[in-house]
Structures are given as C-alpha cells and as structure tokens.
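Before any comments, here is the structure.
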Amino acid sequence: MLYSRALIPTVKEAPADAANVSHTLLVRGGYIRKVGAGMYDFLPLGLRVLRKIENIVREEMDRSGAQEILMPALLPAEFFKETGRWDLYGETLFRLKDRKGGEFHLGPTHEEIVTDIARREIRSFRDMPMNLYQIQTKFRDEPRPRGGLLRCREFLMKDAYSFDTSEEAAKESFEKMRQTYCRIFDRLGLTYRIVDADPGAIGGSKSAEFQILADSGEDAIVACDTCDYAANIEIATVKEPPLVDDGEAPEDRGKVHTPKVGSIEDVSAFLKKPKEKFLKSLVYVAGTANDPEDKRGIVLAVVRGDHDVNEIRLARALGVSEVFLANDTDVQKATGAAVGFAGPVGFEGKIVVDRAAAAVKNAVTGANETDYHFTGVNRGRDWDGEIADIRLATDGDPCPNCTGKLKTYRGIEGGHIFILGTKYSAAMGATFTDDKQEKHPIVMGCYGIGISRLVATAIEQHHDADGIRWPVSIAPYHVHIVTVGKDEPVLATAKKLYDDLRASNIDVLWDDRDERPGVKFKDADLLGMPFRVTIGAKALANGNVELKPRTEPDPKKAELVPVADIARVLVERVRAAL
RNA sequence: CGGGGCGUAGCGCAGCCUGGUAGCGCACCUGGUUCGGGACCAGGGAGUCGGAGGUUCAAAUCCUCUCGCCCCGACCA
C-alpha cells in the first residue's frame, strides 16, 4: 500500500476519552474511530489486524476438525425463551420488535441457536463428536462499555460448540479445544495463563479462561510459583492451616468506644492492634434476582481483618447464585448499627465464617452498636457460624495444591472454554440415539474468543512510549518502507523493493508521502509495523538501506543491508517470525 | 443502576465563578524558506458553544429539564 493514497489518519494528541494504552494508540494510529459508546469503525489498518487474527483463529479451528458455520445475529425470542435466558439475561440483551410486534433480540452468544441445529440434525451417536463454530458479530448491552475495543457493545467473537455422547467424550473435546487455543494464542504472539474460572451465566461444569497478561487487565488471577495451579481470583482458593488450638488463653470480652472509626484500617490504628486480630463482618443479601422462588436472606460473612470476601465463593457456600453487599438501610436493619460496626456477637441470622477467621482468638469485632467494638471475642463462646472457604486469595498465600506460593497477576480474558454438560440440550430436547436404541441428551461444550478484543489486547502487551509493536503474525503490514527525500535512486530502490516484497506475499506499506523524515519516523513508530526499511541518499550512496525492527529500542540504531540483499533478508525474517 | 466528571472549530483545550466582542494550540488551504526524529514565516477558511425551556435589555456564562460521552463499582469475549 502506498501511504500517500491510504486512509491512515494519525493524530498527535491522545483522544480525551481514551483511558488505556490500546485505545489511545488505536485512535492515534488511525486504526479505529468511535461511533458511539462501545461501537467503533475499523479503518483500513484496524480491519487488516482484525482479519489477520480472525484468519489465524479460523486456520487453527479448521485444523482441529471444527466446522465453520454462520448463524444469524438477529434472532427470534423463542429460543432464549425455551431455556429461560430471555428473562435471565436481563438488560444485557438487545431486544427489538418487528413490524408485526414479534419479539426479537440481537445474539449475545449462540448456545440456544446452535442447540437448535443439533436437535434437528444430530440423531445418532455416530454423528459425534462434532464441533461447529462461527466468527460473528455479537451484541451485548453492557452496563459499562470501556477501554476502547476491550469492552464493546458490538464485537467480533469466535464461538464454537462441541457435541458429544458422554461427559468423558466432552472432556476430550474440551481438551482438544484447550490445545487449539494454546496454538492460537501462541501464534498471535500473546503471553497468557490458562486459569480455572467461574462458569458464570453461561453455566456448565468445567471452565477455563485464557488470560492475556497485562497490567491494565480487568481481571485478577493467581498462579502458583511452583506448580501449574492458576485460577481467576473469583474462584481461587488457598491452603489454610488446620484449625488447631494455639494455646492462646481466652480473654474476657470487652467493649470499647470507637467513635466514628468503622473501617478495619481506622480501628486497627485506633486500638493499636494488628489487622489479623480483627474479624471483618459484612452483611450480604443472598439470592437470585431472577429466581421465581426468590429465597432472599440476610447473611453475615466473617473474614479475618486483613482478608477480603470472595463473593462467588460465598454464594457457592450458601447454595445461591449470587450475593449482593447489603445497602446501608439493610445493614442498619440487620445489625442495629451504622455501617462499620457489624459483628457476629449477638447477630440474629445466618453467619458464614472463613476458615482463617474461624481460627482468630481474642478478636476485635463490631459490637452491632454504632461507635462501639468488642475486644476479646472468641468463637464458640461468644458466637459461632458455619465455616467455609469464602475469602479472596492474595499475593503470597500458600498454593492449595503444593508447597508453593501464589502470585497475583492482572489479565484480560481473551478466551473462555466451558463444558456445558446437558444444560441446553436437555432444556431444548437435543438428544441422540445410542447403540442400544436409547435416547440421551447431547453433552455440549462451548468455546469463545473475543477477536476484536484481541486487537486491543495485543497492543496492551506490545507497545512502547512511541507506539505499537505488532507481533509479525497480526501486523497490518510486515514491512514499512520510509523513503527520505525524493532523489531518483531512492525512489527507484524503494519501488523495486516494494514490488519484490509484494511478489513474495509480504505485506508492505511504503511511506511515499512528501513529508519531512521526522514526521515519517514518528508515524512509523506509532503504527508499529515489525520491520522498517529506511531508504535515503546517504546510505544508498554506499549501496545500502537501513533495516530496523520495531522492537529495537534505540531509535537511531539500524542495520545496514546491501540493496541487493534487502528483499531476501526481509522475506526470510518475516517468514521466520510467522 | 449507585458515585464522580465532561460536552465550546476535525482533534486537544481556555473562556463560565463575576452575563455584554467566541479565543488558543494542532490539523486544513495559499505563498515562501526548509528537509535524517512530529520545521519556520506570512496570510486564510472553518464553531447551531450537545438539545429544549426559563430568567434577563442581553446567556457559552445563571436556573430547570433532557440527550450524549468518560472514569470508579456490580457484569463479561
């Protein structure tokens, strides 16, 4: 592509509404433009990256034996109504009506639709295993779109669905997808961790996330420094020492006046006691927003003062689908005190206590009376509760599987794979006949990759102060030729290199604009093509051009390559990196 | 939805408190000098001040409503 004819509207200043690196660089480099919240134009360069990622995903999915299909984005409500998700999905579902008043929605994910294909087309155990996938635009009315391409209301996703005859066979399909995903993320040049995760609203028995490591990531994950244990912090657990009596003599319970100091931090400083001697008591409302038999209840969750509650684990311990931190009014009602002074002593209602908190002796707790705390509180004597694993893992915690320590990382969820079981097939009557003429529901799995999100994710992981540093496999162009000046030999050399590279299937962008060199270099760094070739009169006088990989940090450092060799050298290096 | 903030030229912003002429930088156009890391000089074009209503002789500025956008939380590829 000739730069002078391309739509690459780079800008010097960061857009005011961009909060993260990838968003800023995508806009500054002229890759994308915002149309509305969570909706973006992909300009030519942005689309090239998107297509390259898409093609790698497609190649690896095809290689795994999966078959590509395409389902509609516009869907009649009946399928989601069949499984109950029409109600469960809530506000996130984009709903619309047709001219006759019929109910429709835009697809946020396609389990129901693909299950409908399966129940119509899969009859026999001989038809499986089968894996169907599509690369398609998804629509979710996110409560809060953010981070440019990282979280959109309209986004491109690869979603795959496996169909098997048994849970064991489904595990094999799951494992095959796990390996396929590894190949995909490896080829994309992304550093990731596979972590245990919460299946969430999609449902299912087993799930793993492919977390692309990035400090700006929304997700927190923990990974063991010794074994291969890794989990999303949402469900991560830690090894807790067994509950043994350490021999500390129980003190008498006391009541202290702690005016206006509610937080653990403040009370800890006020009473000059370490946070580990505190019990943090939080009032939760347990239940399910969309549960028809809405069994809501107030629950007190107790963790050690230096720990935090893991809400997903708490919900699991309670056997409900979700828990919500109670609002101030409910806290008042439940404890009779202002927020900050809740405690388990005398609390009327269910109490769940974390394993670590259960071991604390002579603890400080809220007194369920505004401006007062108890000291010398002991479980068993002063209160008791159901012991469960309900705390958030943190840096340095002992690994649950070995003797190693957990380390925390930030990540961006690039892919998520699930074993769904028969949740959708049973609800929708997708069955097959086995070799004994018996009917069973199909066992399903589903596998997602956020294609458009990966464009941004790659930048979060590959950039420097000057701009993007694309991995070769997904760079919009492999080579960026910068011609300095308009001397005839310079232009002729560039033209020949440009033609030679294109003939070798190397994607090449030639900055042939009538701009000063500084402008061209700045744009080249911003755009981030992996190899830059500078052709100028100076080096050319000695028969050389300059070659600089984008990853070379020194802006002035470039390798001199004879004109006769440059095309071959570039072809070799690009191919080696693919 | 809870909390915070912002809408003024294509982009980034000032002006608003204390009402009276819409301004700066970048980008763009013309001419000239420049030309290896975002040049300089001179001239020029470009704005329903997000929208509606109100107060006032007079509103970008004050008041009310409304729409859009961003950030922090709960949700997710």
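Convention: sequence-line order gives letters A, B, ...; per-chain numbering from 1. These numbers come from a predicted model, not from an experiment.
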May I ask you to say what [X] touches in the nucleic acid, namely base, sugar-phosphate or nothing, with a heavy-atom cut-off under 4.0 Å?
{"X": "A/A14", "result": "sugar-phosphate"}
{"X": "A/D525", "result": "base"}
{"X": "A/G518", "result": "sugar-phosphate"}
{"X": "A/G448", "result": "nothing"}
{"X": "A/E142", "result": "base"}
{"X": "A/Q211", "result": "nothing"}
{"X": "A/G414", "result": "sugar-phosphate"}
{"X": "A/G148", "result": "nothing"}

What interatomic distance, in whole Å, is found between P of B/G7 and the corresponding atom of B/A14? 7 Å
Counting only distance, no hydrogens or angles, is the base of [N] paired donor-acceptor with the side chain of [X] under 3.5 Å?
{"X": "A/R532", "N": "B/G36", "value": "no"}
{"X": "A/D219", "N": "B/C76", "value": "yes"}
{"X": "A/E515", "N": "B/G37", "value": "no"}

Is the shortest side-chain N to carboxylate O distance from [X] to [Y] below 4.0 Å?
{"X": "A/E515", "Y": "A/K520", "answer": "no"}
{"X": "A/R410", "Y": "A/D219", "answer": "no"}
{"X": "A/E111", "Y": "A/K423", "answer": "no"}

Under a 3.5 Å cut-off for both contacts, is B/U48 paired Watson-Crick or G-U wobble with anything, and if yes, with which nucleotide? none
If B/C62 has a Watson-Crick or G-U wobble mate with both distances under 3.5 Å, name it; if not, just say none. B/G54
Using a cut-off of less than 4.0 Å, is there contact between a side-chain N or O of A/R144 and OP1 or OP2 of B/C71? yes
For B/C76, does either OP1 or OP2 sit under 4.0 Å from a side-chain N or O belonging to A/R140? no
Please state whether the rings of A/F185 and A/Y181 are parallel, tilted or perpendicular, taking 30° and 60° as the class boundaries. perpendicular
What orientation do A/H480 and A/Y3 show, parallel under 30°, tilted 30 to 60°, or perpendicular over 60°? tilted
What pairs of nitrogen or oxygen atoms, one from the protein and one from nucleotides 23-26 of chain B, lie under 3.5 Å apart?
| unit_1 | atom_1 | unit_2 | atom_2 | d |
| --- | --- | --- | --- | --- |
| B/G25 | N2 | A/E13 | OE1 | 3.0 |

Among A/R58, A/K158, A/Q134, which residue meets the side chain to side chain donor-acceptor pair (under 3.5 Å) test with A/E68? A/R58
Would you jot down, in residue-number order, the residues of residues 306-315 of chain A having a non-hydrogen atom under 4.0 Å from RNA chain B? none
